[in-house]
Amino acid sequence: MFTCYVVDDEPHAIETLVSYIDKAPGLELLGSSTNPLEALDLINTSVHPDITFLDVDMPQLSGLDLAGLISDRTAVIFTTAFPNHALAAFEKNAVDYLLKPISFERFLNSVKKVSVQLRAHIQNPANDHIFIKANIKGKVTRLNFTDIVYVESIKNYVIIYTEKEKM
């Protein structure tokens, strides 16, 4: 299940995307906004969507600018009536670029593209571990981040606690 958020200054465009999200298997709508500044605040603080559908041309803050501020937290799919912003969108790490009016088939293809990328990231996270020098001199131990319970700092060194041991 992938969570979604929609940002567009046109309510009818939001309605279309919300209906598509409701019909698509494996998607859950977290919310929507016609105000990009409100969306920025929510995505930075409380709403953590896997996918954000983002209009390009909006007042106060363009979708391109908003994408630059959130694309490290969410996959961005642009939805716009303007084909001339595609290059700039992909420079902001957009996963896809949908031209309005958006067909349901094109929407599903875009979601499929994102889901392949998200699943690959979940299955093979780039930075899921570290190597540390542990208690035995010259020995290096691989430590998965998910195994760390907490880290204690003592002056110029740290103790890492796992369920089984401390290092």
Side-chain angles (χ1 to χ4, degrees), residues 1-130 143-151 163:
M1 177 74 66
F2 294 111
T3 57
C4 303
Y5 196 82
V6 180
V7 185
D8 199 309
D9 61 327
E10 299 174 4
H12 71 277
I14 290 177
E15 289 172 15
T16 299
L17 288 169
V18 167
S19 73
Y20 287 177
I21 291 167
D22 288 343
K23 287 193 283 189
L27 295 182
E28 175 188 353
L29 180 68
L30 293 179
S32 64
S33 179
T34 57
N35 182 330
L37 295 175
E38 175 186 78
L40 174 63
D41 182 50
L42 288 171
I43 291 170
N44 279 335
T45 58
S46 59
V47 177
H48 305 288
D50 297 312
I51 305 167
T52 300
F53 295 92
L54 185 56
D55 187 20
V56 171
D57 188 28
M58 294 184 289
Q60 298 175 318
L61 183 66
S62 79
L64 294 170
D65 291 336
L66 179 55
L69 298 169
I70 64 170
S71 66
D72 62 331
R73 292 176 194 67
T74 179
V76 173
I77 298 175
F78 280 100
T79 60
T80 184
F82 303 102
N84 54 326
H85 296 293
L87 179 60
F90 286 108
E91 288 174 350
K92 298 289 184 179
N93 297 323
V95 176
D96 210 348
Y97 194 87
L98 302 176
L99 289 175
K100 295 175 185 176
I102 302 165
S103 72
F104 186 59
E105 179 183 6
R106 180 65 178 93
F107 171 86
L108 289 176
N109 286 336
S110 185
V111 168
K112 182 179 178 182
K113 183 187 295 187
V114 173
S115 67
V116 166
Q117 288 185 359
L118 291 175
R119 282 191 182 102
H121 179 70
I122 290 167
Q123 292 171 353
N124 299 310
N127 296 312
D128 64 346
H129 64 277
I130 57 173
L143 180 62
N144 292 325
F145 290 132
T146 55
D147 293 337
I148 297 174
V149 176
Y150 71 94
V151 178
E163 295 261 339

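Taken to the nearest 0.5 Å, the NZ atom of Lys113 stands 8.5 Å off from the CG atom of Asn109. Here the OG atom belonging to Ser32 is positioned 9.5 Å from the CD atom belonging to Glu15, to the nearest 0.5 angstrom. How far CG of Asp22 is from CD of Glu28: 10.5 Å, rounded to the nearest 0.5 Å. Summarising the geometry, atom CD1 belonging to Ile70 is positioned 11.5 Å from atom CG belonging to Asn93; distances are rounded to the nearest 0.5 Å.
Here the closest non-hydrogen pair linking Pro59 and Asp9 is CD-OD2, 3.5 Å. Between Cys4 and Leu27, the closest heavy-atom pair is SG-CD2, 3.8 Å. Ile102 and Leu99 make their closest contact through CG1-O, 3.5 Å (heavy atoms, listed as atom of the first residue, atom of the second, distance). Nearest approach of Ala67 to Val76, heavy atoms of both residues: CB-CG1, 4.3 Å. Of all the heavy atoms in Phe78 and Leu64, the pair that sits closest is CZ-CD2, 3.8 Å. Nearest heavy-atom pair, Leu54 versus Gly63, reported as atom, atom and distance to 0.1 Å: CD2-O, 3.3 Å.
With respect to Thr74, the side-chain hydrogen bond (donor to acceptor under 3.5 Å, both in side chains) criterion is satisfied by exactly one of Asp50, Thr52, Thr3: Thr52. Each of Ile51, Leu29, Ile21, Ile43 was checked for a side chain to side chain contact (heavy atoms under 4.5 Å, CB included) with Tyr5, and the lone residue meeting it is Ile43.
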Lys92/Ser71 under side-chain contact (heavy atoms from CB on, under 4.5 Å): CA gap, chis, key distance, verdict: CA-CA 7 Å; Lys92 298 289 184 179; Ser71 66; 5.6 Å; no

Evaluate Asn44 against Leu40 for side-chain contact (heavy atoms from CB on, under 4.5 Å), listing each step before the verdict. CA-CA 6 Å; Asn44 279 335; Leu40 174 63; 3.2 Å; yes

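Side chains of Phe2 and Val114 form no contact here, defined as non-hydrogen atoms less than 4.5 Å apart. Contact check for Gln60 versus Pro36: side-chain heavy atoms found under the 4.5 Å cut-off. A heavy-atom distance below 4.5 Å is found between the side chains of Leu66 and Val7.
Proximity of a side-chain donor or acceptor of Ser62 to a complementary backbone N or O of Met58 within less than 3.5 Å is not detected. Listed for the Ser19 side chain is a donor-acceptor partner under 3.5 Å among the backbone atoms of Thr16.
The environment of NZ in Lys112 is sparse: at most 12 heavy-atom neighbours from other residues, nucleotides or ligands sit within 6.0 Å.
Partners of Phe107 according to the ring pair (Phe, Tyr, Trp, His ring centres under 6.0 Å) rule, which considers only residues two or more places apart in sequence or in another chain, are Tyr20, Phe53. Among residues two or more places apart in sequence or in another chain, the side-chain contact (heavy atoms from CB on, under 4.5 Å) test is passed with Glu10 by Asp8, His12, Ala13, Lys100.
Taking a cutoff of 4.0 Å between a charged side-chain nitrogen and a carboxylate oxygen, Asp96 and Arg106 qualify as a salt bridge.
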